[in-house]
Q: 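Once you've had a glance at the structure underneath, I'll fire off some questions.
Note that ligands are numbered from 1 as they come in the structure, with each ligand's atoms numbered from 1 the same way. Predicted, not measured: the structure shown is a model, and the values here were computed from it.
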Amino acid sequence: MSTILLAGGAGYIGSHTAVELINSGYDVVVADNYSNSCPEAVKRVEEITGKSVKTYEVDIKDTEKLETVFIENKIDAVIHFAGLKAVGESVEKPVLYYRNNIDTTLALLECMNKYSVKNMIFSSSATVYGEENPVPYTEQMKRGTCTNPYGWTKVMMEQILEDAAKADKELSVVLLRYFNPIGAHESGKIGEDPQGIPNNLMPYVAQVAVGRREKLTIFGKDYDTPDGTCRRDYIHVVDLAKGHVKAIDYILKNNGVEIFNLGTGTPYSVTEIVDTFEKATGVKINHVYGDRRAGDLPESYANADKALAVLGWKTEKTLEDMCKDTWNWQSNNPNGYKK
Ligand code: NAD
Ligand code: WQD
C-alpha cells in the first residue's frame, strides 16, 4: 500500500482529498501548521473514514522539522497543498506570501531529494493562465501575467517544480490547476472554514444564508458576459479530491511532468450561483450589486479534456449538489469547526 504525504492536508481541499485517498486504499500522513485550519478537520476525516490519520504539526518551511516526517514514514508521493491563498492579503503582504509559498515548496523538494521521494503533485491554480489567455484554458497555453502576488507564487512554483524535474529525471511532477472549488463532503462533517470575512463567493453566500453576514455584494454587473456578472468554473470539492486520487494513481505509474486542469468546463455567473443556491436550499440570499473588484477577470473556465483523456477523470456533481452540500456543511457547522 502506498503512503501519501499531504502537506497542508488539514485544509479545505487537503481534508477532502484525505477522505478520497483513504477510501481508495491509500495510507495518508498529514503535515500542517494549522495556520489556516485546525486539528478538528483531521478528526472529522477519521470519523468519516473510520481510519486513524498520522498527523504532524509542522511548519513545512522548517526543513529540519519536516525531515522527521520523511524519516518516520516511507513516503511514496507528496501532495503539496500547503500555501497561503487569500488574493487580497497577498497584495498587502507579498513578502509573507512569497516566503511561505515558495519556501514550503523548496523545503519539500529538498526533503524529497534527500529521502528519495520521487513523486510530487502540486496544487496549482487557473490563476496561472493570467490576463492574456482566452477561455476556455488549455494546458498547453503559456502561463500568463497574474494580477496579484498569490498568482505569481503559483507561476513561480510551477517553474521551480518543472526545473527540479528537468534536473532529476527520476522526479515526476503533476501540476493540478484547480478552477473554483466549492461545496463540501456529503456528510456535512468537513467543509470550507475561512477565518474572518470570506474572500471567496461561496463561503460568503453560505455565511449570509446562516445569518453570520447581512448581505452579499456582487462585484460588478457590467462585464461583457451574458448577464453582466463574472463567470467561473465552479467545481465540487469532492470531484476535485477524486481528481487527486486519479493523479496519484497516474504518477505512481508514470514518469515526467504533466499539467492537468481540474474543472468542469462549464462556467456559471455570480447571479446563477445565487439563484441556484436559493433554489437548492430554499434560503434567500440578501444581495446588492457593487463595484467591480480589482483584478477580477470577466471569465475563467477550463477545457477539461486532458484530465479525461489521460487520467480518466471528469466531474460528476452538479451546481445544485455544490450548493446543497455547502449548505449542509454550513448549517450543521454555523461557526465552522469551532463548537
Ligand atoms: P487551505 O488554506 O484550506 O489549506 C491550506 C493548508 O496549508 C492549511 O491547512 C494551512 O494551515 C496549511 N499551510 C499553509 N502554510 C503552511 C506551512 N508553512 N506549513 C504547514 N502548513 C501550511 O486552502 P485550500 O483551499 O485547501 O487550498 C489548498 C491549496 O490549493 C493551496 O495551495 C491553494 O493555493 C490551492 N488552490 C486553492 C484554490 C481554492 O479556491 N481553494 C484554488 C486554486 C488553488
Ligand atoms: C468568484 C466570483 C467575484 C465574492 C479566487 C482566486 C483564484 C483561486 C480561486 C485560490 C468573482 C465574485 C466574490 C463576493 C462577488 N484561488 N464575488 N462577491 O476570484 O474566481 O478566484 O479563488 O486559491 O486564484 O483568484 O473566486 O470566489 O473570490 O470569486 O461578487 O463577495 O464571485 O467577483 O466574479 P475567484 P472568488
Q: Decide whether an N or O pair under 3.5 Å exists between Glu192 and ligand 1.
A: no
Q: Is the contact between Tyr234 and ligand 2 made by the side chain, the backbone, both, or neither, using heavy atoms and a 4.0 Å cut-off?
A: side chain
Q: Can you list the atoms of ligand 2 that are under 4.0 Å from a heavy atom of Lys85?
A: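 So the answer, numbered in order with elements, is 23 (O).
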Q: Side chains of Asn113 and Lys118: does their closest heavy-atom pair fall under 4.5 Å?
A: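 When only atoms from C-beta onward are counted, Lys118 and Asn113 do touch, with a gap below 4.5 Å.
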Q: Can you tell me the protein heavy atom closest to atom 18 (N) of ligand 2 and the distance?
A: Thr217 O, 2.8 Å
Q: Quick one: nearest non-hydrogen protein atom to atom 12 (C) of ligand 2, plus distance?
A: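 The answer is Val270 CG2, 3.8 Å.
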Q: Are Tyr150 and Glu89 close enough, and set up right, to give a side chain to side chain donor-acceptor pair (under 3.5 Å), and what steps lead you there?
A: CA-CA 9 Å; Tyr150 166 76; Glu89 187 185 51; over 6 Å; no
Q: Specify the protein heavy atom at minimum distance from atom 40 (O) of ligand 1: its residue, its atom name, and the distance to 0.1 Å.
A: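 Protein heavy atom with the smallest distance to atom 40 (O) of ligand 1: Pro181 CD, 3.3 Å.
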Q: Give me the nearest non-hydrogen protein atom to atom 15 (C) of ligand 2 as residue plus atom name, then the distance to 0.1 Å.
A: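 For atom 15 (C) of ligand 2, the nearest protein heavy atom is Phe219 CD1, 3.3 Å.
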Q: Compute the minimum heavy-atom distance from Tyr289 to ligand 2 and say whether it is under 4.0 Å.
A: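 No, that is not the case, since the closest heavy atom of the residue is not under 4.0 Å from the ligand.
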Q: Could a heavy atom of Tyr178 be found less than 4.0 Å from some atom of ligand 2?
A: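 In this structure, Tyr178 fails to qualify as a contact of ligand 2 - no heavy atom is under 4.0 Å.
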Q: Which ligand 1 atoms are under 4.0 Å away from a heavy-atom of Asp59?
A: 17 (C), 18 (N), 19 (N)
Q: Show the atoms of ligand 1 that are less than 4.0 angstrom away from any heavy atom in Ser37.
A: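 Once the distances to Ser37 are compared, the set is 8 (C), 9 (O), 11 (O).
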Q: Between Lys154 and ligand 1, which part of the residue brings a heavy atom under 4.0 Å of the ligand: side chain, backbone, both or neither?
A: side chain
Q: After noting the C-alpha distance and the side-chain angles of Thr266 and Tyr301, does the key distance pass the side chain to side chain contact (heavy atoms under 4.5 Å, CB included) rule?
A: CA-CA 7 Å; Thr266 306; Tyr301 57 97; over 6 Å; no
Q: Charged N to carboxylate O below 4.0 Å: is that the case for Glu47 and Lys43?
A: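 No, this pair does not count.
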Q: Show which atoms of ligand 2 fall inside a sub-4.0 Å distance from at least one heavy-atom site of Tyr150.
A: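 Atoms satisfying the 4.0 Å criterion: 10 (C), 16 (N), 23 (O), 24 (O).
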Q: State the atoms of ligand 2, each with its element, that fall below the 4.0 Å cut-off from a heavy-atom position in Asn199.
A: 4 (C), 28 (O)
Q: Under a 4.0 Å heavy-atom limit, does Ala7 contact ligand 1 with its side chain, its backbone, both, or neither?
A: neither
Q: Got the closest protein heavy atom to atom 15 (N) of ligand 1, with its distance?
A: Asn100 ND2, 3.1 Å
Q: For Ser123, is there any backbone N or O sitting under 3.5 Å from a side-chain donor or acceptor partner on Lys154?
A: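 The answer is yes, because a donor-acceptor pair under 3.5 Å joins these two groups.
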Q: Closest by any non-hydrogen atom to atom 8 (C) of ligand 1: pick that one out of Asn180, Asp32, Asp103.
A: Asp32
Q: Between Asn200 and ligand 2, which part of the residue brings a heavy atom under 4.0 Å of the ligand: side chain, backbone, both or neither?
A: both
Q: Taking Asp27 first and then Lys54, would you say they form a salt bridge - that is, a charged N and a carboxylate O separated by under 4.0 Å?
A: no
Q: Select the closest option to atom 43 (C) of ligand 1 among Gly151, Ser125, Gly11, Ser90, judged by heavy-atom distance.
A: Ser125
Q: To which protein heavy atom is atom 35 (P) of ligand 2 closest, and what is the distance rounded to 0.1 Å?
A: Asn180 ND2, 3.5 Å
Q: On a heavy-atom basis, I'd like to know which of Ile235, Ile13, Val58 is closest to atom 37 (C) of ligand 1.
A: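 Minimum heavy-atom distance to atom 37 (C) of ligand 1 goes to Ile13.
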Q: Looking at Arg292 and Asp222, is there a salt bridge between them, counting it only when a charged N and a carboxylate O are closer than 4.0 Å?
A: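 Salt bridge between Asp222 and Arg292, a charged N being under 4.0 Å from a carboxylate O: yes.
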Q: Considering only non-hydrogen protein atoms, determine which one is nearest to atom 20 (O) of ligand 2 and report residue, atom name and distance to 0.1 Å.
A: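 Result: Arg232 NE, 2.5 Å.
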Q: Which is closest to atom 30 (O) of ligand 1 in terms of heavy atoms, Tyr34, Tyr97, Tyr178?
A: Tyr178
Q: Give the numbers and elements of all ligand 2 atoms closer than 4.0 Å to a heavy atom of Leu216.
A: 14 (C), 18 (N), 31 (O)
Q: Checking side chain to side chain donor-acceptor pair (under 3.5 Å) between Thr264 and each of Thr315, Asp239, Asp233, which is the one that passes?
A: Asp233
Q: When only distance counts, is Tyr204 in polar contact with ligand 2, meaning an N/O pair under 3.5 Å?
A: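 Between Tyr204 and ligand 2 (N or O atoms, distance only) the closest approach is not under 3.5 Å.
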Q: Crowded around Ile197 CD1? As in, over 12 foreign heavy atoms under 6.0 Å?
A: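 Atom CD1 in Ile197 is not packed in, count stays at 12 or less.
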Q: Considering only heavy atoms of Ser35, which atoms of ligand 1 have at least one such atom less than 4.0 Å away?
A: 10 (C), 11 (O), 13 (N), 14 (C), 15 (N)
Q: What residue among Arg177, Glu139, Arg143, Lys142 forms side chain to side chain donor-acceptor pair (under 3.5 Å) with Tyr129?
A: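 When Arg177, Glu139, Arg143, Lys142 are each tested with Tyr129, the side chain to side chain donor-acceptor pair (under 3.5 Å) holds only for Arg177.
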Q: Are the aromatic rings of His244 and Tyr26 close, with centres under 6.0 Å apart?
A: no
Q: Do any nitrogen or oxygen atoms of Ser124 come within less than 3.5 Å of a nitrogen or oxygen of ligand 1?
A: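 For ligand 1, there is no N or O atom that lies under 3.5 Å from one belonging to Ser124.
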Q: Tell me, yes or no, whether the heavy-atom count around Lys306 atom NZ, taken from other residues, nucleotides or ligands under 6.0 Å, exceeds 12.
A: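 Counting neighbours around NZ of Lys306, more than 12 heavy atoms of other residues, nucleotides or ligands fall under 6.0 Å, so yes.
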Q: Is there a heavy atom of Ser15 sitting under 4.0 angstrom from any atom of ligand 1?
A: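 No, that is not the case, since the closest heavy atom of the residue is not under 4.0 Å from the ligand.
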Q: Mind running side chain to side chain donor-acceptor pair (under 3.5 Å) on Asp227 and Ser269 for me, showing each step along the way?
A: CA-CA 7 Å; Asp227 66 15; Ser269 73; 2.6 Å; yes
Q: For Val87, counting its heavy atoms only, list the atoms of ligand 2 lying under 4.0 Å from any of them.
A: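 Checking each atom against Val87, I get 6 (C), 25 (O).
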Q: Provide the number and element of each atom of ligand 2 under 4.0 Å from a heavy atom of Asp296.
A: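 Listed by number with element, the hits are 3 (C), 19 (O), 33 (O).
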Q: Is Ser125 close enough to touch ligand 2? Criterion: a residue heavy atom under 4.0 Å from a ligand atom.
A: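 Distance cut 4.0 Å: Ser125 passes for ligand 2.
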Q: In terms of residue, atom name and distance, what is the protein heavy atom nearest to atom 27 (O) of ligand 2?
A: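 The closest heavy atom on the protein side is Leu201 N, 2.8 Å.
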Q: Nearest to atom 22 (C) of ligand 1 by heavy atom, Thr104, Asn33, Ile182: which?
A: Asn33
Q: Show, in sequence, the C-alpha distance, side-chain angles and deciding distance for Tyr250 and Glu258, and conclude whether the side chain to side chain contact (heavy atoms under 4.5 Å, CB included) test is met.
A: CA-CA 10 Å; Tyr250 175 85; Glu258 285 294 344; 3.3 Å; yes
Q: What's the shortest distance from atom 19 (O) of ligand 2 to any protein heavy atom, and which residue and atom give it?
A: Arg293 NH2, 2.9 Å
Q: Pull out every atom of ligand 2 sitting under 4.0 Å from any heavy atom of Ile218, numbered as shown with elements.
A: 30 (O)
Q: Of the choices Phe179, Tyr150, Tyr234, which has the non-hydrogen atom that lies closest to atom 34 (O) of ligand 1?
A: Tyr150
Q: Looking only at protein heavy atoms, which one is nearest to atom 2 (O) of ligand 1, and what is the separation?
A: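 Residue, atom and distance for the closest contact: Asn36 ND2, 2.7 Å.
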Q: Indicate yes or no for a side-chain donor-acceptor contact from Trp329 to the backbone of Glu192 under 3.5 Å, with no hydrogens or angles considered.
A: yes
Q: In terms of residue, atom name and distance, what is the protein heavy atom nearest to atom 28 (C) of ligand 1?
A: Phe81 O, 3.5 Å
Q: Rounded to the nearest 0.5 Å, what separates atom CG in Asn180 from atom OH in Tyr234?
A: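 Output value for this atom pair is 5.5 Å.
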Q: Under 4.0 Å from a heavy atom of Cys230: give me the atoms of ligand 2 that qualify, with their elements.
A: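 Listed by number with element: 34 (O).
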Q: So is there a nitrogen or oxygen of Ile60 less than 3.5 Å from a nitrogen or oxygen in ligand 1?
A: yes
